[in-house]
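Okay, so here's the structure we're looking at.
Naming convention: chains lettered A, B, ... in sequence-line order (proteins, then strands); numbering from 1 in each chain.
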Amino acid sequence: AQTVTQSQPEMSVQEAETVTLSCTYDTSESDYYLFWYKQPPSRQMILVIRQEAYKQQNATENRFSVNFQKAAKSFSLKISDSQLGDAAMYFCAYNSWGKLQFGSGTQVVVTP
Amino acid sequence: EADIYQTPRYLVIGTGKKITLECSQTMGHDKMYWYQQDPGMELHLIHYSYGVNSTEKGDLSSESTVSRIRTEHFPLTLESARPSHTSQYLCASSELGTGHGYTFGSGTRLTVV
């Protein structure tokens, strides 16, 4: 069974600074997809970024980028130039057979 | 605008009542899911469907039931609500294939008193 681990329950970052959220996963599959989702307080969960395991190039979406280390089974998210609107719970997720497996989440707090 | 809708947004109901949480999507997605999100924010898959007349139980055992009579509609029913059912319920949908992310609804926060 696949498992996804987020070891940081909460991370705090100042506006305009950079924060990195860690995620590790366990799998015996060679082809899979990884995602980061953002859940703002009392709002809809939205997809932040997606990574295909067979692609070595790290995905980037504006201020969000990932560091994908397939051999280490690590998938961290970097938020650059943090903004107040980035405050949310962030979930790492793994998809191999059509069902997403989520980590326990990391709460990101952004301070002015 | 293509989206996924959940109603009601909040529900407070007495023990023993029957409730149905509604979920509809306008994207034509074949796959739909129900997640239960506990107070610690962890997400647990309780039901999923890969198409009309297809429903499966998820990883977390749940007393709820689901149906999929139409592609766009995936309601969740609790025949007799209990305080232990108090939680946030999230509905999601996706296209076929493993590379697609999910689109989530805004959730239903259920409180059983």
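Open room surrounds CG on Asn62(A); 12 or fewer heavy atoms of other groups in view lie less than 6.0 Å from it. More than 12 heavy atoms of other residues, nucleotides or ligands shown are found within 6.0 angstrom of CD on Glu10(A). Annotation for Arg63(A): atom CZ counts as buried by contact number, over 12 foreign heavy atoms lying within 6.0 Å.
Linking ILVMFWY side-chain heavy atoms closer than 4.5 Å, directly or via other members, places Leu21(A) and Leu84(A) in a single hydrophobic cluster. Linking Ile, Leu, Val, Met, Phe, Trp and Tyr whenever their side-chain heavy atoms come within less than 4.5 Å leaves Met41(B) and Val109(A) in two separate clusters. Leu60(B) and Tyr89(B) fall within a single hydrophobic cluster, where Ile, Leu, Val, Met, Phe, Trp and Tyr are joined by side-chain heavy atoms under 4.5 Å apart, directly or via other members.
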For residues 45-53 of chain B, which side-chain N or O atoms pair as donor and acceptor with protein atoms under 3.5 Å away, sequence neighbours left out?
unit_1, atom_1, unit_2, atom_2, d
His47(B), NE2, Ser64(B), O, 3.1
His47(B), NE2, Ser64(B), OG, 2.9
Ser49(B), OG, Gly51(B), N, 3.3
Ser49(B), OG, Gly51(B), O, 3.0
Ser49(B), OG, Ser54(B), O, 2.5
Ser49(B), OG, Arg68(B), NH1, 2.7

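With contacts defined as side-chain heavy-atom distances shorter than 4.5 Å, the pair Gln39(A)/Leu90(B) qualifies. Proximity of Asp3(B) to Gln44(A): side-chain heavy atoms (C-beta onward) are separated by under 4.5 Å at one or more points. Using a 4.5 Å heavy-atom cutoff, the side chains of Phe104(B) and Ile46(A) are not in contact.
Annotation: salt bridge (charged side-chain N to carboxylate O under 4.0 Å, His left out) contacts of Lys99(A) (sequence neighbours excluded): none.
The closest donor-acceptor contact from the side chain of Tyr37(A) to the backbone of Tyr102(B) lies under 3.5 Å.
Ranked by non-hydrogen atom pairs under 4.5 Å with chain B, the options Leu100(A), Leu47(A), Leu34(A) are led by Leu100(A). Taking Gln6(B), Arg9(B), His44(B) one by one and counting their heavy-atom pairs under 4.5 Å with chain A, the maximum is reached by Arg9(B).
Taking CD from Gln37(B) and CZ from Phe102(A), the interatomic distance works out to 9.5 Å, rounded to the nearest 0.5 Å. The CD atom of Glu42(B) sits 9.5 Å away from atom CE of Met89(A), with the distance rounded to the nearest 0.5 Å.
Interface residue Arg50(A): only side-chain heavy atoms are found under 4.5 Å from chain B. Heavy atoms of Glu56(B) lying under 4.5 Å from chain A are absent altogether. Proximity to chain A is absent for every atom of Arg109(B), based on heavy atoms less than 4.5 angstrom apart. The contact between Gln88(B) and chain A is made entirely by side chain atoms (from C-beta outward), counting heavy-atom distances below 4.5 Å.
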